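Working notes, structure below.
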Amino acid sequence: HAESQKNSKTKKPKYYSLIEFPYPSGAGMHVGHIRSNTAMDVISRKRRMEGFNVLYPIGWDAFGLPTENYAIKTGIHPTKVTKTNTDTFRRQLKALGFSFDWSREINTTDPKYYKWTQWIFLQFFKKGLAYKKKMAINWCPKDKIGLANEEVVDGCCERCGTAVEKRDKEQWMLAITKYAERLDKDLDTVDYLEKIKIQQRNWIGKSQGVNFKCKVKDLGIAVEMYNSVPQTFRAETFTVIAPEHHLVRKLVAGTKYEKSVLDFVEQLNKKRAQKDFDADKEMEGIFTGRYIENFAGSGRDLPIWIASYVVADYGTGIVNASTHDTRDFAFAKKFKIPLHPVMFPQDEVEAQKVRNDEYSYAKDPQAVLAEPLEFKGRHWGEAREDIINFIEKNGWGERKTNFKLRDWVFSRQRYWGEPIPLINCPTCGWVPVPEKDLPVKLPNVKNYQPTDTGESPLAAMTKWVNVKCPQCKGKAKRETDTMPNWAGSSWYYLRYADPKNSKAFASEENLKYFTPVDWYNGGMEHTTLHLLYSRFWHKFLYDLKLVPTSEPYMKRTSHGLILADDGTKFSKSKGNGIDPQDIVKVYGADSLRLYEMFMGPFDQAVSWSNDGMVGPRRFIEKVWRIGNKLNLPPSPLPYQGGGMPSPGKGRVGEGFEVNKLLHKTIKKVTEDIEAMRFNTAISSMMILATEMDKVESVSGVDFKMFLQILAPFAPHVSEELWSTLGEKKSIHLSTWPKFDENLIKDDEVKIAVQVNGKVRAEIMIGADEGEESVKEKALQNELILKHISGANIKKVIYVKNRLISIVL
RNA sequence: GGGCAAGUGGCGGAAUUGGUAUACGCGUUAGUCUUAGGAACUAAUGUCGCAAGACUUGGGGGUUCGAGUCCCCCCUUGCCCACCA
């Protein structure tokens, strides 16, 4: 295994490659888990051979619910469960020969580690970015835990599937929205797969629009209405407000609408909490009896409706509505609210349909505006900026940027997490635990079960809870909430740079040398949670001048899932996971690694197939056989079925051709690894091996170069053969081979000759043969003559070294 | 409903990004060697056809000398998101 060295010990440039550290579940790893590890191991090994000091670390993200639930069920302490599980995982990973630097292994549940998770949290607290807020949180009645918005799937708990309820609870929040702008903008500075950037951008949901300033008629209340498509602001005929909006009560107080509206809201809120509520289908609303007065100087008063599709916490929770929004349109149709289109398709027939309110017409950049009159005839797509300026000049509203991103609910009422290191003092309020008292260790409790009151099990530990206030020394109580499992993973890549440091989360020197992460591979499912959270923490630490860069990861790629052979997901409940160690026992670690990389495109989902394992295994045996031809001492390759592979029979071949193929393969493998096209890299090595197997003798130099490009994929067999060839140093410390430009050029090329688009012949030409000469060759070809005789040749097209196309 | 992928032999998948579709692997068939083979090697293997040849990348149109690749319409599947205009 590899030991990454600190700056002082090496002059090599560093390279930091990273995989998401695993959550050590009781089920152990299945073959799907190691796809990412194998890919990054290939890249890390190649980098070492290219002369980098590679940091490729590993650790355990071990806080979290599954372990806690297991502890509740069995009564075994989560620490013990974690120990057992990490031992299993470690054994499984070691069986595959990943070149992790095990000397840097970390564990988020180790007090020496979570001391710094707590420390970083306190920095958030001190900067006012951690705050307590009473809010309607998502409450899972089964897990008895508050969930972040991001953890609710279809109105259900992401973990257990129980329908989520709303509950008021004081929660610690982290103000990620303060960083929304930078999290969006700085995506321009990093090399992430485009689909990852897109997904993060959609999640952050930046939208630029206008906050209109309005008054409620007869009440004199000022309200703001956010609209992200202000171009169509002359089209609105009504206003929609979210049912849970705080203004609703004020609007109807003391009016004849009060009872019916409040009843409606209560019912609607219940309905919306259900998981199968479909806002588009079940569009509901009620008139409040109130109007927006003279909206944006239009002279029109807009009736205010409560609408089921508006949310209070996006924008201002109240929106000027018009025909040019599909949901507003559907709402108006349902409640027979008059419409007033202001933009039209260029096609007159279609335009008439819009005039007749036959359909909603929205978001077409080519649309022609009829109003506002100052913009008559201009297009929707280009008039936007001018119209916003126009609105601002007239004082109707202000330019405003909104984000979908919400602040992060950071409290959990659970046992198995980092205690939030704060003390609540009746006189001083929330006081941070002094740095010298960190970490606040998890106390031993008998019962891990969360309480029905929604308090953490820690709340029952009165000895632990009751403390002196660090400021006034009066009686005070500890916070009993713990952190979510995303906390420890938000900064773990920094700890790897200096995992044993007790003075800081990592030394400045080591951070400067090792960070940022150069290449980070992980699952798409973490794009909007872990990946975004850790970018947020990193930027915060950057602002405190504690890390040297503003982004944690320079490059982010993702792997496709490995599915069971029936195309479904591996899952604990089905118990269909395949243990990599079972495969290793039969086929060997190298075969498994090769197969994982060979089975399909790295970024796409592939189904596991036990039969497919055979191919890579045979390939390795073939490589072994070629090694035997080099007069090596016989050394049996163990095989489950017993027996020894045959030495193979040499045939007379042309060594020179093999040499050319070798250099072409070096080029292909070198390039394919960088692009994560591992499958085609392996296929080209298979072709090379077949050719080397056919020829009578292969030069040791050639064979060693082949072993070197194979080494990142199949580290064990290549190392073994390397040493039997007399090499004293590890193949993994050798220098990545360079291909010879002269050898990858062909003197002769076979090209296709097409007649009217159909391939009719193939001819050999010189690699740099002139166009005229090639055309002549083609036209004189017997097979071609058959097809062109008696016809008029209109055109002859020559694509260099590819084909000739004759058009009759 | 939105976003992102994807649809190619019996199966997993290649295709230098508009230039010989089906590389490589699995499976299958025949042969060689063998006491034996669940080893290895050789050959064949998209479909139809005796052949010449014709057809073929989810379906239908189009652009082009030339389309798996580009454009339009439609169908199907997966993942993520979904009251957020």
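Hydrogens, waters and symmetry mates play no part in the numbers below; they use all other heavy atoms, side chains included. Bear in mind that the values here come from a model prediction, so they are computed numbers and not experimental data. Within every chain, numbering begins at 1; the chains are lettered A, B, ... in the order of the sequence lines, protein sequences first and strands thereafter.
- In this structure A/Asn801 satisfies the side chain to side chain donor-acceptor pair (under 3.5 Å) test with no other residue, sequence neighbours excluded.
- Closest to the A/Val759 side chain, of the nucleotides B/A21, B/A40, B/U42, is B/A21.
- No donor-acceptor contact under 3.5 angstrom links the side chains of A/Ser207 and A/Asn402, judged on distance only.
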Polar atoms only, N or O, under 3.5 Å: list the protein pairs with nucleotides 6-14 of chain B and their distances.
| unit_1 | atom_1 | unit_2 | atom_2 | d |
| --- | --- | --- | --- | --- |
| B/G12 | O2' | A/Met599 | O | 2.7 |
| B/A14 | OP1 | A/Asn679 | ND2 | 2.9 |

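- Partners of A/Thr323 by side-chain contact (heavy atoms from CB on, under 4.5 Å), not counting sequence neighbours, listed by chain and number: A/Phe329, A/Leu339, A/Pro341.
- Heavy-atom neighbours of A/Lys667 NZ from other residues, nucleotides or ligands within 6.0 Å: at or below the threshold of 12.
- Considering only residues two or more places apart in sequence or on other chains, A/Phe678 meets the ring pair (Phe, Tyr, Trp, His ring centres under 6.0 Å) condition with A/Phe602.
- Here A/Arg802 pairs with nothing under the salt bridge (Lys or Arg N to Asp or Glu O under 4.0 Å) rule; sequence neighbours left out.
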Under 3.5 Å, which N/O atoms of the protein pair with N/O atoms of nucleotides 17-19 of chain B?
| unit_1 | atom_1 | unit_2 | atom_2 | d |
| --- | --- | --- | --- | --- |
| B/G19 | N2 | A/Gln754 | OE1 | 3.4 |

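- Qualifying side chain to side chain donor-acceptor pair (under 3.5 Å) partners for A/Ser228, counting only residues two or more places apart in sequence or in other chains: none.
- Stem list for RNA chain B (at least 3 consecutive Watson-Crick or G-U pairs, distances under 3.5 Å): B:1-7 with B:75-81, B:10-12 with B:24-26, B:27-32 with B:40-45, B:46-48 with B:53-55, B:58-62 with B:70-74.
- Residues satisfying the side-chain contact (heavy atoms from CB on, under 4.5 Å) criterion with A/Leu563, sequence neighbours excluded, are A/Leu561, A/Lys569, A/Ala605, A/Ser607.
- Remark: A/Lys404 engages A/Tyr314 in a side-chain contact (heavy atoms from CB on, under 4.5 Å) (not counting sequence neighbours).
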Could you go over nucleotides 51-56 of chain B and give all protein N or O partners under 3.5 Å, atom names and distances?
| unit_1 | atom_1 | unit_2 | atom_2 | d |
| --- | --- | --- | --- | --- |
| B/A54 | OP1 | A/Arg760 | NH2 | 3.4 |
| B/C55 | OP2 | A/Lys758 | NZ | 3.4 |

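- A search for side-chain contact (heavy atoms from CB on, under 4.5 Å) contacts involving A/Met524 returns A/Lys195, A/Ile196, A/Gln199, A/Thr527, A/Ser558, not counting sequence neighbours.
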